[in-house]
Amino acid sequence: MPELPEVETTCRGVRPLLTGHTLTGVRVRCARLRWPVDPELASRLTGVRVTAVSRRAKYLLMALDSGATLIIHLGMSGSLRHVPADTPPERHDHVDLLLGEHCLRYRDPRRFGAILYCPGPVELHPLLVKLGPEPLSDGFDSEVLFAACRGKTAAIKTVLMDNHVVVGVGNIYANEALFAAGVRPTRPAGQVSRDACQRLAAAIRATLLRAIEAGGSTLRDFTDAIGKPGYFQQQYAVYGRTGQPCHACATLVQHTRLGQRSSFFCPHCQT
DNA sequence: CTTTGCACCTGTTGGC
DNA sequence: TGCCAACAGGTGCAAA
């Protein structure tokens with residue numbers, strides 16, 4: 001579920017609940033996530049204070065005053081909810097981070113997500129160390145994208161979704177940004193002009209920012225039901241609109257498959 | 001090194 | 001109405 005906007009919204013939602021607070025316990029009901037949850041997680045975290053909550057790509061990073069970091073990834077179906085600690089867990093509620101009377105509850109039906117304890121410098125963690133720039137930072141611009149496209153025969157959409165090039169661009173936003181930039185997802189990256197890269201970089205930024213704003217305005221309290229994924233659905237220009245008319249020219253949106261991922265485009269607007 | 005396809009899971013959907 | 005295959009927003013990793 002979570003694309004970068006949902007992860008960013010989750011990050012902003014949990015930040016005030018965690019920052020400066022001490023974890024009073026951890027309940028692990030199911031440790032079988034993408035990677036097994038550390039069996040010693042409870043003893044490592046109990047009594048430890050959270051000093052900061054941030055995000056890198058789609059990883060949530062909870063900095064601890066012990067110098068360690070708790071890394072949480074929501075995978076495809078994960079969510080964090082803020083509920084009273086005595087709320088009976090439902091199916092797929094795998095982990096609770098206890099905060100006195102309340103807790104942060106991790107739910108993940110597909111269990112593609114992860115909860116990892118990183119004792120050392122988190123920026124050196126194997127999962128983070130090779131990541132490309134954040135799409136909303138100065139580290140990502142059209143020149144970075146253009147350079148990454150040089151000489152590549154792979155489809156531009158594949159490059160946009162490559163975490164070594166830029167992080168956080170999932171399937172939905174790759175499709176949407178390509179439409180906004182007028183670039184066909186199947187176009188070989190090496191044939192994408194500097195000008196098109198300019199439009200793509202801007203479109204990625206605008207598309208993500210718009211979604212984050214939509215999420216932020218939906219989100220008043222990060223409590224209970226609001227923490228669930230898909231809580232802000234927005235209008236997509238092409239994603240999931242196979243056979244429906246393009247909003248710009250009424251040509252029917254086409255569907256194709258690129259590296260096992262659904263791709264949608266307007267054959268008239270995108271070249 | 002690049003590129004491709006698989007694997008990890010469960011829940012939902014669409015076609016027959 | 002019922003059943004089952006196909007598919008779902010991620011992404012690390014093995015294999016080619």
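No experiment lies behind these values; they were computed from the predicted model shown. In what follows, every chain begins at residue 1, and chains take the letters A, B, ... in the order their sequences are listed.
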Q. Using atom P of each nucleotide, how far apart are B/dG11 and C/dT1 to the nearest Å?
A. 23 Å
Q. Between C/dA6 atom C1' and A/Gln260 atom CD, what is the distance in whole Å?
A. 14 Å
**Q.** Within 6.0 angstrom of A/Arg150 CZ, more than 12 heavy atoms from elsewhere
**A.** yes
Q) Mind checking the P distance from B/dG5 to C/dA8? Whole angstroms is fine. A) 16 Å
Q) Are OP1 or OP2 of C/dT11 and a side-chain N or O of A/Lys58 less than 4.0 angstrom apart? A) yes
Q) Do we see A/Phe112 stacking on the base of C/dT11, given a limit of 5.5 Å between centres and 30° between planes? A) no
(Q) Strictly below 4.0 Å: does A/Arg110 bring a side-chain N or O up to OP1 or OP2 of C/dC7? (A) no
Q.
Just to be sure I understand the rule, does A/Thr153 reach a base, reach only the sugar-phosphate, or reach nothing, if contact means heavy atoms closer than 4.0 Å?
A. sugar-phosphate
Q | Nearest-Å distance for atom pair CG/P, residues A/Asp162 and B/dT4 | A | 12 Å
Q: Specify whether A/Tyr236 and A/Tyr173 have parallel, tilted or perpendicular ring planes, treating 30° as the upper limit for parallel and 60° as the lower limit for perpendicular.
A: perpendicular
Q | Pairing partner of B/dT13 (Watson-Crick or G-U wobble, both distances under 3.5 Å) | A | C/dA5
Q) Rounded to the nearest Å, what distance is computed from the CZ atom of residue A/Arg241 to the P atom of nucleotide C/dG9? A) 17 Å
**Q.** A/His92 side chain near B/dT10 phosphate (N/O to OP1/OP2, under 4.0 Å)
**A.** no
Q: Establish, with yes or no, whether the OP1 or OP2 oxygen of C/dG9 is under 4.0 angstrom from a side-chain nitrogen or oxygen of A/Tyr173.
A: no
Q: Identify whether NZ of Lys or CZ of Arg in A/Arg44 sits under 6.0 Å from the centre of the six-membered ring of A/Tyr117 and within 45° of that ring's axis.
A: yes
**Q.** Nearest-nucleotide comparison on DNA chain B, the residue closer to the 5′ end among A/Thr158 and A/Pro109
**A.** A/Thr158
Q: Starting from P on C/dC7, measure out to CZ on A/Phe264 and report it in whole angstrom.
A: 11 Å
Q: Round to the nearest Å and state the distance from A/Leu33 atom CG to B/dT10 atom P.
A: 12 Å
**Q.** Distance between P atoms of C/dC4 and B/dC9 (Å, rounded)
**A.** 23 Å
Q. Just how far, in rounded Å, is P of B/dC8 from CZ of A/Arg111?
A. 12 Å
Q: Rounded off to whole Å, could you give me the CE-to-P distance for the A/Met161 and B/dT2 pair?
A: 19 Å
(Q) Within the 3.5 Å criterion, strictly below it, is a donor on A/Asp108 or A/Tyr106 matched to an acceptor on the partner's side chain? (A) yes
Q) Among side-chain atoms of A/Arg194 and A/Ser142, is any donor-acceptor pair under 3.5 angstrom? A) no
Q.
Pairing donors with acceptors under 3.5 angstrom, does anything connect the side chains of A/Asn163 and A/Lys130?
A. no
Q.
Using OP1 and OP2 only, check whether a side-chain N or O of A/Arg261 sits under 4.0 Å from C/dG10.
A. yes
With 3.5 Å as the limit, what N/O pairs link the protein to nucleotides 12-16 of chain C?
| from | atom 1 | to | atom 2 | distance (Å) |
| --- | --- | --- | --- | --- |
| C/dG12 | OP1 | A/Tyr59 | OH | 2.6 |
| C/dG12 | O4' | A/Arg34 | NH2 | 2.9 |

Q | Under-4.0 Å salt bridge between A/Arg29 and A/Asp96 | A | yes
Q: Report the distance from atom CD of A/Glu6 to atom C1' of C/dA8, rounded to the nearest whole Å.
A: 14 Å
Q: Using a heavy-atom cut-off of under 4.0 Å over every strand shown, decide if A/Arg91 touches base, sugar-phosphate, or nothing.
A: sugar-phosphate
(Q) I'd like the P distance from B/dG14 over to C/dG9, given in whole Å. (A) 14 Å
Q. Hey, are A/Ser262 and A/His255 close enough side-chain-wise for a donor-acceptor pair under 3.5 Å?
A. yes
